[in-house]
Amino acid sequence: MNRREFLLAAAGAAAASTLSFSGRLFAAPANSPRFLLVFLRGGYDCNNLLVPCGSDFYYESRPTLAIAKPDPDNPDSAVALDANWGLNPVVRDTLYPLWQKKQLAFIPFAGTNDLSRSHFETQDHIERGEPLGHETNYRSGFLARLAGLMAGTPAIAFTSNLPLSFQGAGRDIPNISLKDDPRAHFDERQAAILSGMYKNTSLAHATADGLALPKTVSADLRDEMVAASRGAPSAHNFAAETRRIATLMRDQYRLGFVDVGGWDTHVNQGNTKGGLANNLKNLGEGLAAYADALGNAWNDTTVVVLSEFGRTFRENGDHGTDHGHGTVHWVLGGKVAGGRLAGEQLAVTQPNLLQNRDYQVLNDYRDVLGGMFARLWGLNAGQLQTVFPQAKPRDLRLV
């Protein structure tokens, strides 16, 4: 067993020990609803995932970033969903089969009424789930309040630190990171010691490369990426993480949260190749792996994918996109009423942009999730107001 395998085995053993104990404390019926929230930290560019390929304005606005219109002879063209919308082809083998099985739906023009375009403010606003300008508890998350209403619904966060979404529950919510990333961060003295340990061994070169890599990244860019992601791991190896998550959600837990970083794409974003495409490909592989690993439990599962905001509709001068507003949410599950775009929509034209730059928000996330929670767990109006104060739950009949 090499060092990497040893670290992973040790981490896995520790996690298994901790989680088996928690599982005995919080058992749940096998066929009870399962809900996983996937938070894409950094504001992902929804327009290059769900492509408005019926819009000429999209192609005018993105001369280098646009995904080509559906073309059977072009493997890099959008995968047609209907006459107006397509998928980035990097998810052709992962998300598109779920769409075809009607287990995936998209909600465009979704998000929050927070117009700060700040990663921190908008992420916190979403995780608190309180009406903008009427926050009463800055350490109370909407998933914590939801968990507090359902004593028989064990909850867990698949994160290194308990996210705001799950804070203030009034009971202990476990959290553990299952990402395949055992890297340590060392200061100069520690790095010298580590290099000395592996000097004149077969791992000497790899150790030197690993220690040198952080120094090759621009400090400013690294700081922004870390800040926007708030420590969330990137989508790299997400499939390995979701298979581990599936085991726990299948056998022990019913309400989960995981975040994925790396979605802040100001520079050289790319279209079917590049950083965004790689993240989308990995994310699609992870969600498909999650569905597969759950087996029959996928039929009792709902997954919602969201981000704090979208990106500007037009590309910027650095071939990227900047902080925007409206975005596209995803809803997946074995019994999701998918294969469709849900919620209120507008034509994708310049006059319909917000402030001549962004998608509008026509489907407020609190209203949409409130309607979904009512269907999943039979919550009444008073309970929904506890989870999302002053929200107006909307039933999009997705679950």
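Values below: all heavy atoms of this structure, side chains included; hydrogens, waters and symmetry mates excluded.
- Y44 and L65 are assigned to two separate hydrophobic clusters, defined by single-linkage of ILVMFWY side chains at heavy-atom distances under 4.5 Å.
- You'll find the side chain of L178 stays beyond 4.5 Å of the side chain of V258, heavy atoms only.
- Here the side chain of E130 pairs no donor or acceptor atom with the backbone of F388 at under 3.5 angstrom.
- Under the salt bridge (Lys or Arg N to Asp or Glu O under 4.0 Å) criterion, no residue pair touches residues 315-326, with sequence neighbours excluded.
- A salt bridge links K69 to D56: one of the charged nitrogens lies within less than 4.0 Å of a carboxylate oxygen.
- Between Q167 and L162, the shortest heavy-atom distance links the atoms NE2-O, 3.1 Å.
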For side chain to side chain contact (heavy atoms under 4.5 Å, CB included), just list the numbers for T327 and L306, CA-CA rounded to whole Å, side-chain angles, deciding distance to a tenth of an Å, and then say yes or no. CA-CA 8 Å; T327 184; L306 54 76; over 6 Å; no
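- Smallest separation of non-hydrogen atoms from L276 and T265: CB-CG2, 4.4 Å.
- Considering R41, R139, R366 in turn, R41 is the only one that fulfils the salt bridge (Lys or Arg N to Asp or Glu O under 4.0 Å) rule with E127.
- Annotation: the span from D358 atom CG to N352 atom CG amounts to 13.0 Å, rounded to 0.5 Å.
- Contact check for L255 versus F166: side-chain heavy atoms found under the 4.5 Å cut-off.
- No side-chain heavy atom of W99 sits under 4.5 Å from any side-chain heavy atom of V79.
- In this structure, K392 does not pair ionically with D364, as no charged nitrogen and carboxylate oxygen lie closer than 4.0 Å.
- With no hydrogens or angles considered, no side-chain donor-acceptor pair links W377 and Q383 at under 3.5 Å.
- Put simply, V348 and V51 are part of the same group of oily side chains (I, L, V, M, F, W, Y) that touch within less than 4.5 Å, one to the next.
- From Y290, atom OH reaches atom OG1 of T247 across 10.0 Å, with rounding to the nearest 0.5 Å.
- Under the 3.5 Å distance criterion, with hydrogens and angles disregarded, no donor-acceptor pair is assigned to the side chains of R314 and N47.
- Side chain of E308 to main chain of G42: a donor-acceptor pair is present (N/O by atom type, distance under 3.5 Å, no hydrogens or angles).
- The two atoms that bring L98 and W298 nearest to each other are CD2-CZ2, 4.5 Å, heavy atoms only.
- Two residues are said to be in side-chain contact when any heavy atoms from C-beta on lie closer than 4.5 Å; L132 and T112 fail this criterion.
- In plain terms, the two heavy atoms of L37 and L143 that are nearest each other are CD2-CD1, 4.2 Å.
- In this structure, the separation between CG on D45 and OG on S307 is 10.0 Å, given to the nearest 0.5 Å.
- Using modelled atom types and a 3.5 Å distance limit, the side chains of R311 and N48 yield no donor-acceptor pair.
- Relative orientation of the H125 and Y365 rings is perpendicular, given thresholds of 30° and 60° on the angle between their planes.
- Around atom CG of N356, more than 12 heavy atoms belonging to other residues, nucleotides or ligands sit under 6.0 Å away.
- Judged by distance alone, with hydrogens and angles left aside, the side-chain atoms of D292 form no donor-acceptor pair with the main-chain N or O of A288 at under 3.5 Å.
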For L287 and L104, what are the C-alpha separation, side-chain angles and deciding distance, and is it a side chain to side chain contact (heavy atoms under 4.5 Å, CB included)? CA-CA 11 Å; L287 293 171; L104 167 63; over 6 Å; no
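- Each of F309 and W263 belongs to its own hydrophobic cluster when Ile, Leu, Val, Met, Phe, Trp and Tyr are linked at side-chain heavy-atom distances under 4.5 angstrom.
- Looking at heavy atoms from C-beta onward, R375 lies in side-chain contact with R397 at the 4.5 angstrom threshold.
- With respect to N363, the side chain to side chain donor-acceptor pair (under 3.5 Å) criterion is satisfied by exactly one of R394, E344, Q345: R394.
- A78 and P89 get closest at one heavy-atom pair: CA-CD, 4.3 Å.
- Taking the side chain as every heavy atom from C-beta outward, F238 and N279 never approach each other to under 4.5 Å.
- Rounded to the nearest 0.5 angstrom, L36 CG and I156 CD1 are separated by 10.5 Å.
- A side-chain donor-acceptor contact under 3.5 Å links N175 to the backbone of S160.
- No chain of hydrophobic side-chain contacts below 4.5 Å, direct or via other Ile, Leu, Val, Met, Phe, Trp or Tyr residues, connects F57 to L354.
- N271 and A277 make their closest contact through O-CB, 3.5 Å (heavy atoms, listed as atom of the first residue, atom of the second, distance).
- Following chains of ILVMFWY side-chain contacts shorter than 4.5 Å, one can reach I173 starting from L149, so the two form part of one hydrophobic cluster.
- Side-chain contact check for F35 versus T153: every heavy-atom pair is 4.5 Å or farther apart.
- Between the side chain of Y58 and the backbone N or O of I67 there is at least one donor-acceptor pair closer than 3.5 Å.
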For R92 and L87: C-alpha separation, side-chain torsions, deciding distance, then whether side chain to side chain contact (heavy atoms under 4.5 Å, CB included) applies. CA-CA 7 Å; R92 184 194 311 273; L87 275 181; over 6 Å; no
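- Here the CG atom belonging to L280 is positioned 8.5 Å from the CG atom belonging to L40, to the nearest 0.5 angstrom.
- A side-chain donor-acceptor contact under 3.5 Å links R62 to the backbone of F313.
- With contacts defined as side-chain heavy-atom distances shorter than 4.5 Å, the pair D264/H119 qualifies.
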Go through Y253 and R34 one step at a time and tell me if the side chain to side chain contact (heavy atoms under 4.5 Å, CB included) criterion holds. CA-CA 8 Å; Y253 296 94; R34 296 166 173 82; over 6 Å; no
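- Residue L115 holds its CG atom at 14.0 Å from NE2 of H323, rounded to the nearest 0.5 Å.
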